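First the structure, in the form of structure tokens, and then the observations on it.
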Amino acid sequence: MSAIQASDDREIRLEASWKARLAPEFSQDYMRSLRAFLLSRKRAGATIYPPGPQIFAALDNTPFEDVRVVILGQDPYHGPGQAHGLCFSVQAGVPAPPSLVNIFKEIESDLGLARPGHGCLQAWAERGVLLLNAVLTVERGQAAAHQGKGWERFTDEVVRQLDAGREGLVFMLWGSYAQKKGSVIDRRRHCVLTAPHPSPLSAHRGFLGCRHFSKANQYLEQRGVGPVDWSLPAKA
């Protein structure tokens, strides 16, 4: 299988269970074009986030059979040191961005869990929460710089694989972009929770108070699957 190359010229890792399902994508013309685009931007001196080995971090940290909840984001953060391959999450030592602050507010209201002093969601990923952005790379200081280059098709296939190959997942679709991307999900076989985006521009229109985290756990428990532990360590 051809591997996309990272911005530092090393092959990107992809966890085995996902590689087995997504291998055909890497031989498609769109993926070859995406690889060429990323290499051309790197040669032009662009700084690409997240670092190459972390581009597939959402898949690497949450193997296919371990997924219980899927949260769909749009693009990685484009500030230095923020993105590390998990949607809404930032690396340790980086203040939580506004949308993530609102996510923590909702969890505190919904579940009574104290807000952590960081914005790293790595622990969620390791507990079966797939934190998937629609677009997996971006350029420093340029939001949405890599939209329309092929990542959306790749992550659509991730969603299709989960929809067809698993049953009883919870999909959290926040905002119109995520809801459109999740339109292929079979709601007879999965739980689909929708709300406005947690951005400060829209969170007060229904994200705050949506109680998605307790609803997700209730659904999982009804299916005999353990609830997700949404708590995070005080320090990353």
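Note that the numbering runs from 1 along the sequence shown for the chain. Remember, predicted model here, so these are calculated numbers, not experimental data. All values below come from the heavy atoms of this structure, side chains included, with hydrogens, waters and symmetry mates left out.
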ILVMFWY network linking [X] to [Y], side-chain heavy atoms under 4.5 angstrom:
| X | Y | answer |
| --- | --- | --- |
| Leu86 | Val129 | yes |
| Val90 | Ile103 | yes |
| Val225 | Leu162 | no |
| Ile185 | Leu22 | yes |
| Leu59 | Trp151 | yes |

For the residue pair [X] and [Y], what are the closest heavy atoms and their distance?
| X | Y | value |
| --- | --- | --- |
| Gln122 | Ser89 | N-OG, 4.5 Å |
| Leu38 | Ile48 | O-CD1, 3.8 Å |
| His197 | Ser99 | CE1-OG, 3.6 Å |
| Cys87 | Ile71 | SG-O, 3.4 Å |
| Tyr219 | Leu169 | CE2-O, 3.9 Å |
| Leu113 | Ser231 | CD1-N, 3.5 Å |

Under-4.0 Å salt bridge between Lys105 and Glu108:
no

Given 3.5 Å as the limit, does a donor-acceptor pair link the side chain of [X] with the main chain of [Y], or not?
| X | Y | value |
| --- | --- | --- |
| Ser27 | Pro24 | yes |
| Arg205 | Leu201 | yes |
| Asp66 | Gly128 | no |
| His118 | Pro233 | yes |
| Glu15 | Trp18 | yes |
| Tyr77 | Phe88 | yes |
| Asn61 | Ala125 | no |
| Glu152 | Gln147 | no |
| Arg68 | Arg127 | yes |

Whether Arg21 engages the ring of Phe64 as a cation-pi pair (distance to the six-membered ring centre under 6.0 angstrom, angle to the ring normal within 45°) should be assessed.
yes

At what distance, to the nearest 0.5 angstrom, does [atom1] of [X] lie from [atom2] of [Y]?
| X | Y | atom1 | atom2 | value |
| --- | --- | --- | --- | --- |
| Phe207 | His212 | CZ | NE2 | 8.0 Å |
| Leu72 | Leu131 | CG | CG | 10.0 Å |
| Leu232 | Arg115 | CG | CZ | 13.0 Å |
| Ile107 | Trp230 | CD1 | CH2 | 6.5 Å |
| Phe104 | Leu121 | CZ | CG | 5.0 Å |
| Gln28 | Leu34 | CD | CG | 13.0 Å |

Do [X] and [Y] have side-chain heavy atoms sitting under 4.5 Å apart?
| X | Y | value |
| --- | --- | --- |
| Arg140 | Pro80 | yes |
| Val67 | Arg166 | yes |
| Leu14 | Asp60 | yes |
| Asn102 | Ser199 | no |
| Glu139 | Tyr49 | no |
| Gln82 | Gln91 | no |
| Val170 | Val70 | no |
| Ser109 | Leu208 | no |

For the residue pair [Y] / [X], report whether a side-chain donor-acceptor contact shorter than 3.5 Å exists.
| X | Y | result |
| --- | --- | --- |
| Lys181 | Thr155 | yes |
| Glu25 | Tyr30 | yes |
| Asn133 | Gln74 | no |

Can you check side chain to side chain contact (heavy atoms under 4.5 Å, CB included) on Cys120 and His84, steps first, answer last?
CA-CA 9 Å; Cys120 181; His84 64 126; 3.9 Å; yes

Verify whether the ring centers belonging to Phe37 and His146 lie closer than 6.0 Å.
yes

Aromatic ring proximity Phe26/Phe154, centre distance under 6.0 Å:
yes

CZ/Arg211: more than 12 non-hydrogen atoms of other groups inside 6.0 Å
no

Give a yes or no on whether Arg189 atom CZ has more than 12 heavy-atom contacts from other residues, nucleotides or ligands under 6.0 Å away.
yes

Side chain to side chain contact (heavy atoms under 4.5 Å, CB included) between Val69 and Leu130, intermediate numbers included:
CA-CA 6 Å; Val69 176; Leu130 181 65; over 6 Å; no

Which is it for Trp174 and Leu193 under the side chain to side chain contact (heavy atoms under 4.5 Å, CB included) test, yes or no, and what are the steps along the way?
CA-CA 8 Å; Trp174 300 332; Leu193 302 174; 6.0 Å; no

Taking the inter-plane angle between the rings of Trp124 and Phe213 on a 0 to 90° scale, is it parallel (under 30°), tilted (30 to 60°) or perpendicular (over 60°)?
tilted

Starting from the C-alpha separation in whole Å, work towards a yes-or-no answer on salt bridge (charged side-chain N to carboxylate O under 4.0 Å, His left out) for Asp163 and Arg160.
CA-CA 5 Å; Asp163 176 60; Arg160 281 193 290 268; over 6 Å; no

